[in-house]
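Every chain is numbered from 1, with letters handed out A, B, ... down the list of sequences.
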Number of protein chains: 2
Amino acid sequence: MGRKRIKPGKVRLTEVAALAGVSPITVSRFFRNPDTVSAGRRLRIESAAKDLGYVPNLAARALASQRTEVIGVLIPSLTNNVFSDVLRGIYDAFEGSRYSIQLANTRYSLLQEERLLRLFVMQKPAGLIVTGVDQTAEGRAIVQAADCPVVQIMETGPEPIDMMIGFSHVDACYAAISHLLAQGCRRIGFLGARMDPRVQRRLQGYQNAMKAAGVFDPRLIVTTAVPTSTTIGGNLFSDLMLKAPDVDAVFCANDDLALGVLFECQRRHIAVPEQIAIVGFNDMEFMASAVPTLTSVRTNRYEMGLRAATMIMDEVEGRPVAERVVDLGFEVMERQSSTLQRAAAVPADRASGTKW
Amino acid sequence: MGRKRIKPGKVRLTEVAALAGVSPITVSRFFRNPDTVSAGRRLRIESAAKDLGYVPNLAARALASQRTEVIGVLIPSLTNNVFSDVLRGIYDAFEGSRYSIQLANTRYSLLQEERLLRLFVMQKPAGLIVTGVDQTAEGRAIVQAADCPVVQIMETGPEPIDMMIGFSHVDACYAAISHLLAQGCRRIGFLGARMDPRVQRRLQGYQNAMKAAGVFDPRLIVTTAVPTSTTIGGNLFSDLMLKAPDVDAVFCANDDLALGVLFECQRRHIAVPEQIAIVGFNDMEFMASAVPTLTSVRTNRYEMGLRAATMIMDEVEGRPVAERVVDLGFEVMERQSSTLQRAAAVPADRASGTKW
DNA sequence: CAACCGCGTGATAGCGCTGTCAATATCGCT
DNA sequence: AGCGATATTGACAGCGCTATCACGCGGTTG
C-alpha cells in the first residue's frame with residue numbers, strides 16, 4: 001500500500017485551518033488574496049499560521065494551479081558585464097512582486113539555450129526573457145509550447161517570438177563610425193572579440209558605414225573568437241598595427257577592448273586622440289573617467305531589463321501591452337578620445353550626443 | 001464536485017506508459033534513472049515519450065518526492081563584478097548536472113536576505129549558497145529550517161551555518177598594506193566604497209597593519225556608502241589629497257576604485273608609483289594591463305564558486321565532504337604601481353606574489 | 001413578493017508524480 | 001533440482017494545494 005503516514009510535525013493548510021476554525025480552502029484564499037476573506041477570519045488565520053510556523057508548499061501550489069510565478073531569464077554570459085546592467089533592471093522590476101527569477105547561462109551556445117529552454121518549460125514559468133533573436137527553430141518551438149509571455153532582449157529584429165525590446169546594433173555601430181568619419185578619420189580599424197551575433201551585426205554596421213564612405217578596407221578588421229577582455233583589446237590593437245600601421249582611429253566592439261587599446265597606446269606612446277582616435281561600445285561607467293575620456297555608444301541596458309520585466313508582468317496580469325516591439329535606440333557619447341581638432345571632411349550632421 | 005475533466009491533449013506519465021505498454025511507475029523510473037529499467041522497455045518508453053512529446057511536470061515531481069533539484073544562490077549585488085566570477089564558478093560546476101540554479105539579489109540588505117531565504121525555503125531547495133557570514137539570527141533559523149546543505153561563501157569566519165568557503169579579508173588587506181610598508185611607504189591612504197561587511201573587514205586589516213607599524217592616522221581613511229565605481233575612485237582620491245596631501249600610497253578596497261585613482265593621478269600628473277603607489281583588491285583582469293600595471297590582491301573567486309557548488313553536490317548526493325570550512329587564501333600580485341626603487345625600511349619578508 | 005444578484009464560505013475531487021512494499025522474473029550456486 | 005539472492009516490475013496511496021461548483025444569506029429589482 002501507499003507511503004508512510006504523515007509526519008507528525010508537518011504544518012499544512014489543514015492544520016492552520018483547524019486551529020483557525022475555518023476550512024482549508026479559506027486559508028488557501030487568505031494566502032493568495034487576503035481581501036477575499038472576511039476581516040474576522042483573516043485575523044484568526046493570520047495568527048494561527050504564525051503560531052504554527054506555516055510555510056506554503058510551492059510545489060503543491062504549482063501542481064494544483066497548473067502554473068508558477070517563476071520568470072525564466074536566459075543570458076549568454078555572466079562575465080560580460082553588459083548583462084549585469086540588464087539583469088539589474090530585471091531584478092529591480094520584479095523586486096517586491098510575487099515573481100521570482102530563475103537565471104540561466106547559455107554560454108553563447110544555441111544548443112545549450114535549447115536545453116535550458118526545455119528545462120524552463122518543465123517548470124511552467126509565468127514568463128520568459130531570452131537574449132537575442134537567433135534562437136533555433138527548435139528553440140522557438142519549445143518556447144511557444146511554454147505558452148507564456150516571452151520577451152527577446154538586447155536587439156530588435158524581424159519576427160519576434162512574442163515581445164521584443166532592444167536596439168539595432170547595425171545602426172548603432174553605423175552611427176559610431178559616422179562620427180569618426182565626421183571627425184576626419186579615414187583609416188578606421190574594427191576590433192571585435194567573441195564575435196557573437198550582436199558583435200557580428202556591429203561589424204556589419206561598420207562595413208556599411210565604411211563602404212558608404214568609400215574607405216572600406218578588410219585589413220582594418222581584426223577579430224578573435226576569444227571572449228572580450230582588456231588584455232585582448234591590447235593584443236588586437238597590436239595585430240591591427242601590424243596589418244595597417246596607418247590607422248587613424250579604432251572602433252572597439254565593446255568597452256573592455258577600448259580600455260585595452262588605450263593602455264596599449266599609452267605603452268607605445270601613441271597620442272589619443274591626436275594620432276589615433278578610440279571609440280568603444282556600451283558606455284560602461286569607466287569610459288567617462290578614463291584619461292582621455294573615451295567615446296562610446298550608450299545603450300540603455302538597465303531600462304531594457306526594467307521594461308522587459310514590466311512587459312512580462314503586464315502581459316501575465318492581463319494588462320494590455322501597447323508596444324510589443326520596443327526600440328530603445330542608443331546615443332553616441334562623444335568624448336575626448338575621438339574629438340579631433342582637424343577639419344572634418346565629412347559634414348558633422350550628427351552632433352554630440354545625438355539620440356537615435 | 002471537483003474540477004473539470006482532464007484536458008484531452010495532455011500528455012502525462014500515464015499516457016506514455018500506455019503507449020509503451022508498461023506501468024506508469026516504470027516510466028517514472030526511466031526518467032529518473034534509466035539504468036534501472038530493462039533495455040527493451042527503455043527503448044519502448046523512449047520512443048513513446050518522444051512520439052507524444054512528453055514533458056515531465058516538475059511541480060508534481062517535487063510534490064510527490066518532497067524535494068527539488070533547485071540550488072538557491074544569494075548574492076548582494078549583480079553590478080559588482082566580483083560576484084560574476086563566483087557565479088561563473090557556480091554555474092560551471094552545476095553545468096550538465098540535474099540541478100538548476102535560482103539566483104537572488106539581496107542588495108546588501110539583511111532584511112531582504114531574510115525575505116529571500118524565506119522564499120527559497122518554500123521551494124524546498126536541494127542546497128543553498130549564501131554570501132558572507134553576517135546573516136541575522138532569524139535568517140540563520142530560516143536556513144536551518146530548509147534542512148539542506150548550505151555553503152557560506154566569500155569569507156571565512158567562526159560558527160559556520162553548515163559549510164563555508166572563502167578567505168580572511170582582514171588578513172588579505174593586512175598583507176597588502178604590509179607590502180606597501182615593505183616598499184617604504186608610510187602615509188598609506190585607505191579608500192573604500194559601499195562599506196559592506198567585507199570592506200569593513202578590509203579596513204580592519206588596514207588599521208591593524210598601520211597600527212602595528214606605528215603609522216596609523218585616521219585622516220588617511222576616506223570612505224563612502226555609495227557603491228563602488230571608477231568615478232568614485234577618483235573622487236575619493238581627491239578627498240584624500242585634501243585631507244592628507246602627503247600620502248605616498250593608496251590602498252583601494254577594490255579594483256574599480258584603483259583604476260579611478262590611476263586616472264585621477266594621470267589627470268593631476270602625479271607619477272605612479274614614484275609619487276604615489278596604488279594597490280587594489282580582487283585582481284580584476286584589467287589590473288594587469290593598465291599602464292603602469294596595477295598591484296592587487298588576487299582572490300580565487302572562480303574556484304570559490306566552483307568548490308562551493310561541488311560541496312553542495314557532494315553533500316546532497318551523500319559523498320562525505322572532508323573540508324567543511326575552506327580557506328582559499330589570497331595572493332598579493334605585486335606590479336609596477338607599487339614597486340618602488342627606494343630602500344625598504346620594513347623587512348621585505350613577503351616576497352613577490354606570496355601565497356598566504 | 002418572487003426572482004435575482006453577489007459575496008463569503010465550504011465540499012469535493014483531483015493536479016501528475018513518486019515512496020513504499022509486494023510480486024514476479026532471472027540468476028548463480030550447491 | 002532446489003535454494004536464496006538479485007534485478008525488474010507493479011499496485012497503491014498519497015504529496016499539499018487549488019479549481020470548480022454549490023450553498024446560504026442579505027440586499028436589490030420589477
Side-chain angles (χ1 to χ4, degrees), chain A residues 1-45 49 52-69 98 121-124 126, chain B residues 1-45 49 52-69 98 121-124 126:
Chain A
M1 64 236 66
R3 62 186 57 193
K4 186 179 356 185
R5 296 294 96 189
I6 314 159
K7 256 190 268 171
K10 200 171 288 179
V11 183
R12 308 194 310 279
L13 223 41
T14 318
E15 277 72 54
V16 178
L19 183 60
V22 298
S23 75
I25 188 69
T26 304
V27 180
S28 167
R29 286 201 187 94
F30 167 78
F31 278 104
R32 284 176 293 158
N33 205 340
D35 305 335
T36 57
V37 177
S38 64
R41 286 166 203 246
R42 199 151 54 213
L43 290 171
R44 294 218 309 281
I45 293 170
L52 295 171
Y54 171 69
V55 176
N57 181 321
L58 290 188
R61 180 179 289 179
L63 178 58
S65 68
Q66 297 285 54
R67 57 191 156 66
T68 66
E69 321 225 289
R98 58 215 177 87
V121 171
M122 284 164 59
Q123 316 203 27
K124 301 188 183 292
Chain B
M1 65 235 66
R3 62 186 57 196
K4 182 175 13 181
R5 296 294 95 190
I6 314 160
K7 256 190 269 171
K10 200 171 287 179
V11 183
R12 309 192 313 279
L13 224 41
T14 318
E15 277 71 54
V16 178
L19 183 59
V22 299
S23 75
I25 187 70
T26 303
V27 180
S28 167
R29 286 203 188 92
F30 166 78
F31 278 104
R32 285 176 293 158
N33 204 340
D35 304 336
T36 57
V37 177
S38 63
R41 288 168 200 244
R42 199 150 57 211
L43 290 170
R44 294 219 308 283
I45 294 171
L52 295 170
Y54 171 69
V55 176
N57 181 321
L58 289 188
R61 179 179 289 180
L63 179 59
S65 67
Q66 297 285 54
R67 56 190 159 67
T68 65
E69 321 225 288
R98 57 216 177 86
V121 171
M122 283 163 62
Q123 315 203 27
K124 302 189 181 294

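We find that CD of A/Glu69 is positioned 15 Å from P of D/dC17, with the value rounded to whole Å. The CZ-P distance, from B/Arg42 to D/dA7, rounds to 14 Å in whole Å. Protein atom CG of B/Leu63 is 9 Å distant from nucleotide atom C1' of D/dG14, rounded to whole Å. Rounded to an integer number of Å, the gap from CG of A/Leu58 to C1' of D/dC15 is 14 Å. Put simply, CE on A/Met122 is 10 Å from P on C/dC17, counting in whole angstrom units. Residue B/Ile25 contributes atom CD1, which lies 19 Å from atom P of D/dA7 at whole-angstrom precision. Here the P atom of nucleotide C/dT18 and the CG atom of B/Asn33 are 12 Å apart, to the nearest Å. Between the CG atom of B/Leu13 and the C1' atom of C/dG16 there is a distance of 8 Å, rounded to whole Å.
Along DNA chain D, the nucleotide closest to B/Thr26 and the one closest to B/Lys124 are compared, and the more 5′ of them pairs with B/Thr26. In terms of position along DNA chain D, the nucleotide closest to B/Pro24 lies nearer the 5' end than the nucleotide closest to the other residue of the pair B/Pro24 and B/Ala60.
Counting only distance, with no hydrogens or angles, the side chain of A/Arg42 and the backbone of A/Pro34 share a donor-acceptor pair below 3.5 Å.
Taking every side-chain heavy atom of B/Asn57 into account, C/dG16 is the closest of D/dG16, C/dG16, D/dA11. The listed nucleotides are D/dT18, C/dC17, C/dG16; the one nearest the side chain of B/Arg61 is C/dC17. Checking C/dT20, D/dT18, C/dC17 against every side-chain atom of B/Tyr54, the shortest atom distance belongs to C/dC17. Side-chain atoms of A/Ala64 lie closest to D/dG16 of the nucleotides D/dA11, C/dG16, D/dG16.
Considering only side-chain N and O atoms, B/Arg12 lies nowhere under 4.0 angstrom from the phosphate OP1 or OP2 of C/dC15. Here A/Arg67 reaches the OP1 or OP2 of D/dA19: one of its side-chain N or O atoms lies under 4.0 Å away. Distances shorter than 4.0 Å separate none of the side-chain N or O atoms of B/Thr36 from OP1 or OP2 on D/dT8. Under 4.0 angstrom from either OP1 or OP2 of C/dT9 there lies no side-chain N or O belonging to A/Ser23. Look at B/Ser38 and you won't find any side-chain N or O under 4.0 angstrom from OP1 or OP2 of D/dT8. Listed pair B/Arg29 / C/dT20 fails the phosphate criterion, with no side-chain N or O lying under 4.0 Å from OP1 or OP2. Residue A/Arg32 has a polar side-chain atom (N or O) positioned under 4.0 Å from OP1 or OP2 of D/dT18. Phosphate proximity of C/dC17 to B/Gln66: absent, as no side-chain N or O sits under 4.0 Å from OP1 or OP2. Close to C/dT9, at under 4.0 Å from its OP1 or OP2, lies a side-chain N or O of A/Arg41. Phosphate contact (OP1/OP2 of C/dT18, side-chain N/O of B/Ser65, threshold under 4.0 Å): absent.
In this structure, the separation between NZ on A/Lys124 and CG on A/Leu63 is 9.5 Å, given to the nearest 0.5 Å. Within the model, atoms CG of B/Leu13 and OG1 of B/Thr26 stand 9.5 Å from one another, a figure rounded to the nearest 0.5 Å.
In this structure, the side chains of B/Thr68 and B/Leu58 stay at 4.5 Å or more apart for every pair of heavy atoms. Looking at A/Gln66 and B/Asn57, their side chains come closer than 4.5 Å, going by heavy atoms from C-beta outward.
Heavy atoms from other residues, nucleotides or ligands lying under 6.0 Å from CZ of B/Arg67 number 12 at most.
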